[in-house]
Each structure stands twice: as structure tokens, then as C-alpha cells.
2 protein chains.
Amino acid sequence: MAKIKRNKNGTRKDVIISKAAKLFREKGYNATSMRDLAEHVGVEAASLYNHISSKSEILQEICFKVANEFTSHIEEVYASSTNSIEKIEAILRFHIRQMVDNYEEVYVNDREWKHLSDPYLSNIQNQRRSYRQRIAQIIEEGIRKDEIKSIDAPTAVLIMLHAVSGIESWHRSKRKIPGALLEDNMIMILVDGLRR
Amino acid sequence: MAKIKRNKNGTRKDVIISKAAKLFREKGYNATSMRDLAEHVGVEAASLYNHISSKSEILQEICFKVANEFTSHIEEVYASSTNSIEKIEAILRFHIRQMVDNYEEVYVNDREWKHLSDPYLSNIQNQRRSYRQRIAQIIEEGIRKDEIKSIDAPTAVLIMLHAVSGIESWHRSKRKIPGALLEDNMIMILVDGLRR
DNA sequence: TTTTTTCGCTAACAGCTGTTAGTTTTCCAT
DNA sequence: ATGGAAAACTAACAGCTGTTAGCGAAAAAA
């Protein structure tokens, strides 16, 4: 009966998407029904369609918002005039901060993108692939310049990216260490594993 | 019409579970219907119920089979008389091999356990928690003995476990490096990140 | 061969899914 | 205060979900 309360500077659609991100993260995209979502928003399921056009549009908005931020950040880092280790560190720190501050949406992007359908599916797959390739490129450059130990670059990428997504368990743990400390610990372990 | 073909030394139920593991891995538990599964097994959906009692029983069997193997292995390592770094390395190598050789089921256990329901859900949650605690315990012991650098143990655990689950992308990649090489690369990066 | 067990089939169920149509209420701008 | 837009409601849809019942065929045991 009552209207959805907007947050300051946000549309009602934003409210729906942010509640959806929380539910998608907790239960997964497929296990979250529109009636579930509606209840958490405080409205009937049909009413959601005054603000969005489909369930999958919600997933699309979440995934592309996150993916675009990551893509534009990595291009910035790649173009910067720093050495390979510094670049890797910058990328890692950005990842960790995003995962700490923007948990729900980043996590959903990471785990639920499979449930997109074409053309969005192939689009996000391409975006993810070229993201990994950029990192691999930086690592290979570092190996050539003897800044990074001689390892298989795709393997290093895989470790980095998945290690970061483990921040999920940090969020779920009772007694969290502060975010900044988490960041430093992760950097220490991961970067020291790479450094020559 | 024709019966499900058993593999040597396997029941028809095993065939169903192994096909299910593949589908659950590809599309997720909720997105895999019994009719989907039946089609891949070569049978009508209702016929599956001659061998299993419910869809969730399939997930239970997958998850507990995997979880039990990991639990019993870590206890073995924990009891062995080796130093902390060697223990961590042994655990990591076991993880990597399981992830390489028994991909589908290990992956499903890792990503889909959420969809279990009580009492199985709390059971697997406990098992996973005590697994992480065992590793943290080994790391803390290593820090005390100055074998491992002074880091937050839960963070190190989180990195290790999630990094390993990234072997998913290795499986999906076109040109894989050999499994043994993958293993050595991962050990090099992860263990060198820990070593004092 | 006959009997018994195992296992596949078809048909059907009740409940849930995302979504639409049509109507009524709420609220902002005039 | 009032007209119009925005957004809520109810009712309903077609399709899919996991699962059961009952029956006939195939294979195993006798």
C-alpha cells in the first residue's frame, strides 16, 4: 500500500536492485523468487514491474555496473607508469576494497553471472576474459623485467582473483579484523608469493 | 526403455550422481531440473526415483562424500610429525589434486552446499568451519615457531582455500598446462607468500 | 521355464515461477 | 483543492518444479 522509500539520491529501482543483490548473494539468483524480493522490499511482486522490466534485468544491472568499474580501473592502472609489482598491488588493493565496501554486488557479479542470457552472457564473458588477460600481461612483463619470479602467468591470475573473492568468508566471520588490516595481510601474502 | 548402463563396479545410483555433479557444476543446483538430469541419464524423470529418494539426496551424497575425504585427510596431516610449512604444503597439494582429478564433485561441494537443508546444512557448515580452524591452527603454530611470517591466520586460510578453488578456470581454459605443473606453480606462489 | 525382483514407462498432482492486465490508491504540481 | 502521473493493488495466466501411483517390460533367481 505504501510506496517504496527511496534512499537519498536514489531511485526506487536502486532500492530494488540493492535488496536483490543482498538476496542473490545469500541464496543465489535462481533460488530468489520475485515474491521473495517483493516481500523484502515491502510490496507485492507485481508492483516491482513498475520499476524494472524483468528479473534478469536486475542481474544485468548488477553485473555490468560492477564489471565496468573493474574494467575501467584496470585500464587506468595498465596505462600508469609504475613497475609490474606496483601495478599488481594496485589491482589487488582495488579488488579488496571493492569486495569489502561493495560486497553484495561484487559477489553477485562473481558468482551469478552464469545465469545471464545472451547477448549479456557472452558480453560479460568477454569482459572477464580480457580482464584476466590484462593481468596476465602485466605479470609476463614483470617476469621479463625480472621483477616477478618465473611462473605461469594464468595460474598466478587465477590465484589472485579467487583469493580475493574469499573475502566472502571474512564478511561472514564473527570477529572480523579491520578491513585495512585484511588488505595489508592479503597483499603481503600474495605479493610476496610473486616477487622475485 | 533401456536400462541405465552401469560403469564397472558402480551402481546405477552412482551414474545418476556423477551426471548430476556435472550438471550442478555447470548450471547450479537450482537451475538443474530433474527432467534435465533424466535426459542426460537417458531416462524419464520419474524413473530416477527408483534409485534415489529425492533431488536433495543427490546433493547430500556429493557434498558429504567430498567433505569426508577432506576431513579425514587433514586429520592425518595434522597428526603427522612434520613442520608447519610441510603440513600446509601437504594440505594444499591434496586440495589441488582433488580439484584436478575430482573436479565436478569437489566444485559442487564448494559452491552448492548452501542449498542443503537442515540437518545436513548445519552439519556441513560445522565440518567446513572445523576444517578451516585446523588449518588456522597449523599456521598459528608455524608463526609461533617462526617458520611462518607473522600474519592473520584466518586471512591466510581464506586465501589458500579460495585460491585453490580457482582451478575451476584452469579446467575451463583452452590450453591447460599439465596438472603437475599447475600444482607446482600454485605451491610456489602460495607457500612463498607464507614462508618467513 | 516359471517366478520374482528390478526398473522403466505414462499420467497426474499440487505448488511455485515470472509476468501481464486492469483497477485503485497515493502523492506531487498546479 | 484538483487533475494527472506514478505506483501500488488483485487476479490470473501458462509453464515448469519435484514427486507419486500404477502398470508393464526386462532381467535375475528359482
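The sequence lines fix the lettering, A, B, ..., with proteins before strands; numbering per chain opens at 1. Here the structure is a predicted model, which means the values were calculated and not measured.
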Rounding to a whole Å, what distance do you find between [X]:[atom1] and [N]:[atom2]?
{"X": "B:N50", "N": "D:dA27", "atom1": "CG", "atom2": "P", "value": "15 Å"}
{"X": "B:Y49", "N": "C:dC9", "atom1": "OH", "atom2": "P", "value": "15 Å"}
{"X": "B:K13", "N": "C:dC7", "atom1": "NZ", "atom2": "P", "value": "12 Å"}
{"X": "A:R12", "N": "D:dA8", "atom1": "CZ", "atom2": "C1'", "value": "10 Å"}
{"X": "B:L48", "N": "D:dA21", "atom1": "CG", "atom2": "C1'", "value": "16 Å"}
{"X": "A:L59", "N": "C:dG18", "atom1": "CG", "atom2": "P", "value": "13 Å"}
{"X": "A:I52", "N": "D:dA7", "atom1": "CD1", "atom2": "P", "value": "13 Å"}

- Message: Within this structure, what is the CD-CD distance for the pair A:E105 and A:E61, rounded to the nearest 0.5 Å?
- Response: 10.0 Å
- Message: Could you check whether B:Y107 and B:H171 have their ring centres less than 6.0 Å apart?
- Response: no
- Query: Which heavy atom of B:M34 sits nearest a heavy atom of B:L48, and at what distance?
  - Reply: O-CD1, 3.6 Å
- Message: Under a 4.0 Å threshold between the charged nitrogen and the carboxylate oxygen, would B:R25 count as salt-bridged to B:D110?
- Response: no
- Query: With a 4.0 Å cut-off, would you call B:R172 and B:E168 a salt bridge?
  - Reply: yes
- Item | DNA chain C: 5'-proximal contact among A:S53 and B:H51 (nearest heavy atom) |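 Counting from the 5' end, the first nearest nucleotide belongs to B:H51.
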- Quick one: sort the B:F70 and B:Y131 rings into parallel, tilted or perpendicular, breaks at 30° and 60°.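 Answer is perpendicular, since the angle exceeds 60°.
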- Do you see a donor-acceptor pair shorter than 3.5 Å between the side chains of A:Q127 and A:T71?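 Yes - a donor-acceptor pair under 3.5 Å links their side chains.
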- Item | Any residue of residues 15-22 of chain A with a heavy atom less than 4.0 Å from an atom of DNA chain D |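 Close to the strand, none.
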- Item | Where protein sits on nucleotides 10-17 of chain D, one letter per nucleotide: B base, S sugar-phosphate only, - none, heavy atoms under 4.0 Å | BBB----B
- Query: What residues form a side-chain contact (heavy atoms from CB on, under 4.5 Å) with A:T32, not counting sequence neighbours?
  - Reply: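 Listed in chain order: A:L23, A:F24, A:K27, A:D36.
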- Item | Side-chain donor/acceptor of B:E147 to backbone N/O of B:G142, under 3.5 Å | no
